[in-house]
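Remarks on the structure that follows.
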Amino acid sequence: SGPPDVDEYEGPLIKSPKLSTKQKQKLELDKPITTEKVEKISLNLDNAIKTANDLVVDKSGIGGAVGFRLGQEILPWTNAADFKAKLKSLVDQQFSQAIQAMRNASPTGGAVGNVSDREGERFENMVANLTRWQSEESFLKALNDTIVYADRLKGTYIKAYESTYGEMPGAGSTAPAVNDPLGLRKK
């Protein structure tokens with residue numbers, strides 16, 4: 001039997017007969033950086049999803065933290081103040097870090113760059129909808145929608161990487177793991 005039909009190839013992009021040797025070498029050279037970016041996006045999204053899930057599970061302060069209250073400030077040291085602080089951290093830090101990691105992945109193109117532009121913009125819009133100025137029901141729905149989308153977005157990045165390299169991020173990589181200076185994290 002002869003070589004596989006180029007149009008029928010279904011394996012990883014890096015082994016595609018459609019790519020030139022130079023294109024394959026570029027993908028191989030970009031692999032450690034791409035691996036690091038996908039792992040960073042994944043880690044940031046995991047942290048944000050965990051915090052968001054914590055807010056959904058422990059709703060003890062939601063009643064005083066969301067919704068319109070004319071002339072009422074949230075009192076410090078209350079469940080509502082704790083909820084508000086966790087929400088601010090989630091939106092201003094954790095989701096923002098995930099969005100920034102997606103933007104940083106975009107200029108390289110390759111395995112994950114094309115995902116960043118489309119999906120990242122939608123994710124940013126979902127995060128922007130997490131405001132305190134809505135009903136509890138609307139807020140929890142927006143938060144749940146954001147959690148589901150963030151998890152799906154993480155999967156999209158991993159799938160894009162896997163379809164490019166034929167393996168999961170970090171599998172067989174010689175690049176150091178993100179946020180693992182001692183190399184102790186399981187791969």
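All heavy atoms count here, side chains included; hydrogens, waters and symmetry mates do not.
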Q: Quick one: do T35 and Y161 satisfy side chain to side chain donor-acceptor pair (under 3.5 Å)? Show the steps, please.
A: CA-CA 8 Å; T35 301; Y161 182 95; 2.6 Å; yes

(Q) Measuring only between side-chain heavy atoms, which start at C-beta, is Q94 closer than 4.5 Å to N44? (A) no

Q.
Just verifying a value: how many Å separate K22 NZ and L29 CG, rounded to the nearest 0.5 Å?
A. 11.5 Å

Q. Given E36 and K31, is the salt bridge (Lys or Arg N to Asp or Glu O under 4.0 Å) satisfied, shown in steps?
A. CA-CA 8 Å; E36 182 177 341; K31 186 177 178 183; over 6 Å; no

Q. Quick one: does Q23's side chain have a donor or acceptor within less than 3.5 Å of a partner on S20's backbone?
A. yes

Q: Verify, without hydrogens or angle tests, whether T51 (side chain) and A48 (backbone) share a donor-acceptor contact under 3.5 angstrom.
A: no

Q. T164 side chain to P12 main-chain N or O, any donor-acceptor pair under 3.5 Å?
A. no

Q) Is there a donor-acceptor pair closer than 3.5 Å between any side-chain N or O of S138 and the backbone N or O of Q134? A) no

Q) Can you tell if the side chain of M126 reaches within under 4.5 Å of the side chain of D145, non-hydrogen atoms only? A) yes

Q | CG-NZ distance between L90 and K50, expressed to the nearest 0.5 angstrom | A | 11.5 Å

Q: Of all the heavy-atom pairs spanning L130 and A142, show the shortest one and how long it is.
A: CD2-C, 3.7 Å

Q | Test side chain to side chain contact (heavy atoms under 4.5 Å, CB included) applied to T146 and I49, step by step | A | CA-CA 9 Å; T146 305; I49 290 167; over 6 Å; no

Q: Scan for ring-ring contact (aromatic ring centres under 6.0 Å, His included) pairs involving residues 84-103, sequence neighbours excluded, and state none if there are none.
A: F95-F123

Q. Looking at E136 and K141, does any basic side-chain N land under 4.0 Å from a carboxylate oxygen?
A. no

Q) If every non-hydrogen atom of L19 is compared with every non-hydrogen atom of I14, which pair is closest and at what distance? A) CD1-CA, 4.3 Å

Q: Measure the shortest side-chain to side-chain distance between D151 and L45 over non-hydrogen atoms and say whether it is less than 4.5 angstrom.
A: no

Q) Atom OG of S89 and atom CG of L55: how far apart are they, to the nearest 0.5 Å? A) 9.0 Å

**Q.** Check: Y165 side chain, L27 main-chain N or O, donor-acceptor pair, under 3.5 Å
**A.** yes

Q. Can you check whether Y9 reaches K18 side chain to side chain, under 4.5 Å on heavy atoms?
A. no

Q. Should V148 and I41 be regarded as members of a common hydrophobic cluster, given that ILVMFWY residues are connected when their side-chain heavy atoms come within less than 4.5 Å of each other, either directly or indirectly?
A. no

Q: Look at K26 together with D30 and state whether they make a salt bridge at an N to O cut-off of under 4.0 Å.
A: yes

Q: Could you check if a side-chain atom of M168 sits within less than 4.5 angstrom of a side-chain atom of E162, using non-hydrogen atoms only?
A: yes

(Q) Please determine whether the number of non-hydrogen atoms from other residues, nucleotides or ligands lying under 6.0 Å from atom NZ of K24 exceeds 12. (A) yes

Q.
Looking only at side-chain N and O atoms, does Y157 offer a donor or acceptor that is under 3.5 Å from a partner on S42?
A. no

Q: Show the numbers, then the answer: is there a salt bridge (Lys or Arg N to Asp or Glu O under 4.0 Å) between D46 and K154?
A: CA-CA 8 Å; D46 280 344; K154 175 186 162 190; 2.8 Å; yes

